[in-house]
Amino acid sequence: MADKDGLKVAKDYKVDIPFANNEGFYVKGANNLDWGMQKHLSNIFNPKSGNSVMFAFDHGYFMGSTAGLERLDLLLPKLAPYVDVFMGTRGAIRTCVPPQITKGIALRVSSGSSMLNDDLSHEVVAVDIEDAIRMNADCMAVQTFIGADGQLSSIDNLSKVINAGMRYSIPTLGVVAVGKDMARTDRFFKLATRIVAEMGVQLVKTYNCDNFEEIVAACPVPIVVAGGKKLPEPEALNLAYTVISKGARGVDMGRNIFQSEHPVEMAQAVAKIVHEGFTDKEAYEFYLDAIH
Ligand code: 5RP
């Protein structure tokens with residue numbers, strides 16, 4: 001164990017210098033991965049923009065039926081044309097996503113808590129790698145609770161999933177969890193994203209915060225940003241624009257799409273920012289035109 005006393009604070013992020021090991025394949029940190037991994041990552045990150053609109057509807061894994069997600073069978077086919085990846089549980093995907101919809105699949109594989117618990121940080125790996133293979137998952141999502149009571153078990157879960165993914169060339173998405181007592185500071189997100197990346201994931205999901213560009217610079221794999229609680233549409237689009245401008249390679253947005261009064265138009269507006277270089281204001285104008 002390294003001695004923690006006298007540690008210097010990391011500060012030299014060189015945010016203006018692009019990631020260096022970038023010859024050969026367009027996804028950050030994936031140059032040295034094999035064909036299968038790169039193929040899955042290409043199903044997630046659009047080869048033209050390099051970015052991804054992931055639609056998160058895995059809330060039921062601990063929240064049960066969630067406002068806006070009552071009828072996945074009706075919602076998902078409508079959103080499919082406008083997003084790159086569906087992020088959900090195997091139960092939701094198997095039952096409600098027609099297999100002829102050719103979206104990337106981010107399969108939620110950790111589970112173990114519910115809204116009825118105070119501490120959500122104790123999870124297990126709930127899906128066998130064989131089932132992830134059967135579902136043709138493009139990545140497996142594991143909740144990671146750095147600094148929480150369940151840190152050890154969640155790092156154990158993450159390691160097991162990464163090890164299985166490496167055997168079969170399926171990427172792992174490390175989802176940085178924010179417990180209710182955790183400060184959403186850049187200091188915390190720098191720590192958590194970097195630990196998760198060094199464990200060996202191929203992509204990280206985290207939240208926006210101050211100095212987000214430094215978090216991106218210090219993380220050797222692509223970051224996608226969670227939408228978080230429902231915001232008015234202009235603010236949600238501003239969040240997407242801000243993080244893409246600072247180097248995120250996509251968003252993994254749930255409530256800000258499915259709790260919008262116009263989820264399809266909202267997904268389209270988000271995609272304009274993520275893939276087409278729209279500003280948040282241009283995307284909001286697009287949204288207003290689309291709903292009228
Ligand atoms: C939980 C998750 C969820 O998928 C994610 O938080 C849902 O997205 P949103 O916050 O945008 O509703 O990964 O950690």
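Start at 1 and go down the list; that is how both ligands and their atoms are numbered. Note that this is a predicted model, so its numbers are computed, not measured.
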Interfacing atoms of ligand 1 (cut-off 4.0 Å, heavy-atom, M253): 11 (O)

4.0 Å heavy-atom contact, G228 with ligand 1: yes

H59, portion touching ligand 1 at heavy-atom distance under 4.0 Å: side chain

Path from V225 to M266 over hydrophobic side-chain contacts below 4.5 Å: yes

A56 neighbourhood, listing ligand 1 atoms whose heavy-atom distance to it stays under 4.0 Å: 4 (O), 7 (C), 8 (O)

R255 neighbourhood, listing ligand 1 atoms whose heavy-atom distance to it stays under 4.0 Å: 9 (P), 10 (O), 11 (O), 12 (O)

Path from F62 to F258 over hydrophobic side-chain contacts below 4.5 Å: no

Nearest-contact summary for atom 4 (O) of ligand 1 - protein heavy atom, Å: D58 OD1, 2.4 Å

Residue pair H122 / D119, side-chain donor-acceptor N/O under 3.5 Å: yes

Atom indices of ligand 1, in the order listed, that fall short of 4.0 Å to a heavy atom of G227: 11 (O)

Distance from atom 11 (O) of ligand 1 to nearest protein heavy atom, with residue and atom: G254 N, 2.8 Å

Ion pair D131/R90, N-O distance below 4.0 Å: yes

Stacked cation flag R184 on F189, 6.0 angstrom / 45 deg: no

Identity and separation of the nearest protein heavy atom to atom 5 (C) of ligand 1: K205 NZ, 3.1 Å

Salt-bridge contact D34-K39 (side-chain N to carboxylate O under 4.0 Å): no

Shortest reach to atom 14 (O) of ligand 1 by a heavy atom, considering only Q143, M87, R108: Q143

E123-S110 side chain donor-acceptor pair, cut-off 3.5 Å: yes

F258, any N or O under 3.5 Å of ligand 1 N or O: no

Any N or O of V175 closer than 3.5 Å to N or O of ligand 1: no

Pairing of R194 and E198 as salt bridge, 4.0 angstrom limit: yes

